[in-house]
Novice: 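What follows is a single structure, and I will ask about it in a moment.
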There are 2 protein chains.
Amino acid sequence: MQIGEISKKTGLSISTLRYYDKHGLLQNIDRSNGGIRKFDDKDLEALRIIICLKTSGMKISEIKQFMDWCSKGDTTIDKRLNMFYQQEKNINEQIDILNKSLKLIKFKQWYYEAAKRDGTEKNVKDMNLDDYPDDIRKLYEEAHIIW
Amino acid sequence: MQIGEISKKTGLSISTLRYYDKHGLLQNIDRSNGGIRKFDDKDLEALRIIICLKTSGMKISEIKQFMDWCSKGDTTIDKRLNMFYQQEKNINEQIDILNKSLKLIKFKQWYYEAAKRDGTEKNVKDMNLDDYPDDIRKLYEEAHIIW
DNA sequence: ATACAATCTAAACCTTAGTTTAGGTCAAGT
DNA sequence: ACTTGACCTAAACTAAGGTTTAGATTGTAT
């Protein structure tokens, strides 16, 4: 497979694939005599994990580190394993933060629904905590511990 | 409160606060006669939501749009409400993607635990799907639909 | 009055993650 | 041999989100 086909299969642009190659994420990609990149299924498999790591917030340089470890063989198994445990933590933290954001977002939805009903923000802006419905007050309070 | 105190309270650097101000996120911040920014509790409250939106992936320019709407008053209530519904969707999509990443990550953890036990990646690399434990095979398959 | 820390601005700089451009090569079909 | 689409590289460019620098001002404490 050539770069165009890989681009279609992965959804990454051709220039991004070349960028990844240049930065050491695509290790030992074959080339034709003329210098054209020849990808196989293993490369595609590697791209899968690259995309997954990228999507979950890992930096290019960290992914390169991982690919370097892969090339280095069995002596780096422990490092790679630890990386995946660390990345699990990172992802869970991200999810946690997003769930917390959601609380403030939902409070604001309630707030603006009330403003919409009234045709003005005034009333709801002047309300105090005790006037909020219980579930909304809870959202508000939880959100304000964090943000 | 001056910028240094706000920096400590929000965790944003002083230069970031000035950057936000310059880009229209901090609207109608008072200034002393000498030109020094004077923040009050309402400003701090606005920063809370700015930080929350930022953290959940909204761009500076979009946050500015929201702050502009806030300044414009009641005619923009609907736009602001819609923005919060849209942001809820965005966040849920992000959480979804992260949960999917987690499946591939956990498969890799199993993979490298096996490699670690064996002292080599060889055996586990050569295994085929049927040899995986049921739960791991499921992880692998689910992860490979996506990535 | 003077010292001093904290603040101010504009402008340059930085990093990350690519994209675009320009000028060339490769290889398959005619 | 020639055309054509896909590919190649290096280098410049872009955008977002800040950070750093330099030089000036503010305002509080002695």
Side-chain angles (χ1 to χ4, degrees), chain A residues 1-40 43-44 46-68 87 90 94 97 101, chain B residues 1-40 43-44 46-68 87 90 94 97 101:
Chain A
M1 292 172 283
Q2 298 190 174
I3 202 165
E5 194 177 346
I6 296 292
S7 170
K8 265 166 213 152
K9 282 193 177 165
T10 59
L12 299 174
S13 75
I14 290 176
S15 62
T16 297
L17 286 165
R18 292 208 268 246
Y19 174 86
Y20 284 179
D21 189 13
K22 196 176 182 180
H23 288 76
L25 271 54
L26 276 37
Q27 298 195 335
N28 57 288
I29 296 290
D30 275 0
R31 300 271 190 149
S32 73
N33 285 345
I36 286 174
R37 291 175 186 82
K38 299 291 175 188
F39 296 80
D40 59 25
D43 301 323
L44 207 49
L47 272 165
R48 247 194 260 283
I49 181 81
I50 289 170
I51 292 168
C52 167
L53 293 173
K54 184 83 244 305
T55 307
S56 59
M58 200 176 274
K59 279 188 275 179
I60 299 292
S61 58
E62 295 169 322
I63 299 174
K64 177 185 165 26
Q65 172 69 280
F66 170 66
M67 299 312 284
D68 287 348
Q87 187 60 6
N90 293 157
Q94 288 182 65
I97 287 172
S101 299
Chain B
M1 291 173 283
Q2 297 190 179
I3 203 165
E5 195 178 346
I6 296 292
S7 170
K8 265 164 213 156
K9 282 192 175 163
T10 58
L12 299 175
S13 76
I14 289 176
S15 62
T16 298
L17 285 165
R18 291 207 269 245
Y19 175 85
Y20 284 0
D21 189 13
K22 195 176 181 178
H23 287 75
L25 271 55
L26 276 36
Q27 298 193 334
N28 56 289
I29 297 289
D30 273 358
R31 299 270 189 149
S32 73
N33 285 345
I36 287 174
R37 291 175 185 82
K38 300 291 175 185
F39 296 79
D40 60 25
D43 301 322
L44 207 50
L47 272 166
R48 249 193 259 283
I49 181 81
I50 289 170
I51 293 168
C52 168
L53 293 174
K54 185 82 244 304
T55 308
S56 59
M58 198 176 277
K59 278 189 275 177
I60 299 291
S61 59
E62 295 170 322
I63 298 174
K64 177 186 164 25
Q65 172 70 281
F66 169 66
M67 299 310 285
D68 287 348
Q87 188 61 6
N90 294 156
Q94 287 182 65
I97 288 172
S101 300

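Per chain, numbering begins at 1; letters A, B, ... match sequence-line order.
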Novice: Does this structure show an ion pair linking A/Asp21 with A/Arg37, if we count only N-O contacts that are shorter than 4.0 Å?
Specialist: yes
Novice: Are any of A/Tyr20's side-chain N or O atoms less than 4.0 Å away from OP1 or OP2 of C/dA17?
Specialist: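 The answer is no; no side-chain N or O of A/Tyr20 sits under 4.0 Å from OP1 or OP2.
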Novice: Measuring from A/Leu26:CG to A/Tyr19:OH, what's the distance to the nearest 0.5 Å?
Specialist: 13.0 Å
Novice: Axis-to-axis angle across the helix from C/dA1-D/dT30 to C/dT30-D/dA1, five pairs an end, to 10 degrees?
Specialist: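 Inter-axis angle at the ends, rounded: 10°.
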Novice: If only side-chain N and O atoms of A/Ser32 are considered, is one of them under 4.0 Å from the OP1 or OP2 phosphate oxygen of C/dC26?
Specialist: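 Answer no for this pair, as no side-chain N or O of A/Ser32 is under 4.0 Å from OP1 or OP2.
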Novice: To the nearest angstrom, how far is A/Ile50 atom CD1 from C/dG18 atom P?
Specialist: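 Spelled out: CD1 on A/Ile50 to P on C/dG18 is 11 Å.
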Novice: From CE of A/Met1 over to P of D/dA6, roughly how many Å is that when rounded to an integer?
Specialist: 18 Å
Novice: Quick check on DNA chain C: between A/His23 and B/Ile36, whose nearest nucleotide comes earlier from the 5' end?
Specialist: B/Ile36
Novice: Remember a base hit wins even if backbone is also touched, and classify A/Lys38 as base, sugar-phosphate or nothing at under 4.0 Å, heavy atoms.
Specialist: nothing
Novice: How long is the line joining CD1 of B/Ile29 and C1' of C/dT9, in whole Å?
Specialist: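 For the pair B/Ile29 CD1 and C/dT9 C1', the rounded distance is 17 Å.
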Novice: Could you state the interatomic distance from CD (A/Glu62) to NZ (A/Lys59), rounded to the nearest 0.5 Å?
Specialist: 5.5 Å
Novice: Given atom CG of A/Asn33 and atom C1' of C/dT25, what is their separation to the nearest angstrom?
Specialist: 14 Å
Novice: How about B/Asp43 and B/Met1: do any of their side-chain heavy atoms sit closer than 4.5 Å?
Specialist: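 A side-chain contact under 4.5 Å is absent here.
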Novice: Just how far is it from atom CZ of A/Arg18 to atom CD1 of A/Ile29, taken to the nearest 0.5 Å?
Specialist: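 Interatomic distance, A/Arg18 CZ to A/Ile29 CD1, rounded to 0.5 Å: 13.5 Å.
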Novice: Within this structure, what is the CE-to-P distance between A/Met58 and C/dT16, rounded to whole angstrom?
Specialist: 15 Å
Novice: For A/Glu62 and C/dA17, what is the distance between atoms CD and P respectively, to the nearest whole Å?
Specialist: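 A/Glu62 atom CD is separated from C/dA17 atom P by 9 Å.
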Novice: Rounded to the nearest 0.5 Å, what's the gap from CD1 on A/Ile36 to CG on A/Asp30? Could you check?
Specialist: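 Here the rounded value is 13.5 Å.
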Novice: Which distance, rounded to the nearest 0.5 Å, do you find between the CG of A/Leu17 and the NZ of A/Lys22?
Specialist: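 Here the interatomic distance stands at 14.5 Å.
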Novice: Using a cut-off of strictly less than 4.0 Å, decide whether A/Ser13 has a side-chain nitrogen or oxygen near OP1 or OP2 of C/dT19.
Specialist: yes
Novice: Nearest heavy atom decides the nucleotide; on that basis, is A/Ile14 or A/Gly34 closer to the 5' end of DNA chain C?
Specialist: A/Ile14
Novice: Report yes if at least one side-chain N or O of A/Tyr19 is closer than 4.0 Å to OP1 or OP2 of C/dT16; otherwise report no.
Specialist: no
Novice: Tell me the closest heavy-atom pair linking B/Ser56 and A/Ser101, and the distance in Å.
Specialist: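 Looking at all heavy atoms of both residues, the closest pair is CB-OG, 3.7 Å.
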Novice: So which protein N/O to nucleotides 9-12 of chain D N/O distances come out below 3.5 Å?
Specialist:
residue	atom	partner	partner atom	Å
D/dT9	OP1	A/Arg31	NH1	3.0
D/dT9	OP1	A/Arg31	NH2	3.0
D/dT9	OP2	A/Arg37	NH1	3.3
D/dT9	OP2	A/Arg37	NH2	2.9

Novice: For B/Ile60 and A/Ile3, find the nucleotide of DNA chain D closest to each by heavy atoms; which residue's nucleotide sits nearer the 5' end?
Specialist: A/Ile3
Novice: Below 4.0 angstrom from OP1 or OP2 of C/dT19, is there any side-chain N or O of A/Thr16?
Specialist: yes
Novice: Atom CD1 of A/Ile6 and atom C1' of D/dC7: how far apart are they, to the nearest Å?
Specialist: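 About 14 Å, once rounded to whole Å.
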Novice: Please identify each residue that fulfils ring pair (Phe, Tyr, Trp, His ring centres under 6.0 Å) with B/Phe39, with sequence neighbours left out.
Specialist: none
Novice: Between D/dA16 atom P and B/Leu25 atom CG, what is the distance in whole Å?
Specialist: 14 Å
Novice: Tell me what A/Ser61 touches on the nucleic acid: a base, only sugar-phosphate, or nothing, going by heavy atoms under 4.0 Å.
Specialist: nothing
Novice: Can you tell me how far the CG atom of B/Leu53 sits from the CG atom of B/Leu25, to the nearest 0.5 Å?
Specialist: 9.5 Å
Novice: Indicate whether OP1 or OP2 belonging to C/dT7 is found under 4.0 Å from a side-chain N or O atom of B/Gln2.
Specialist: yes
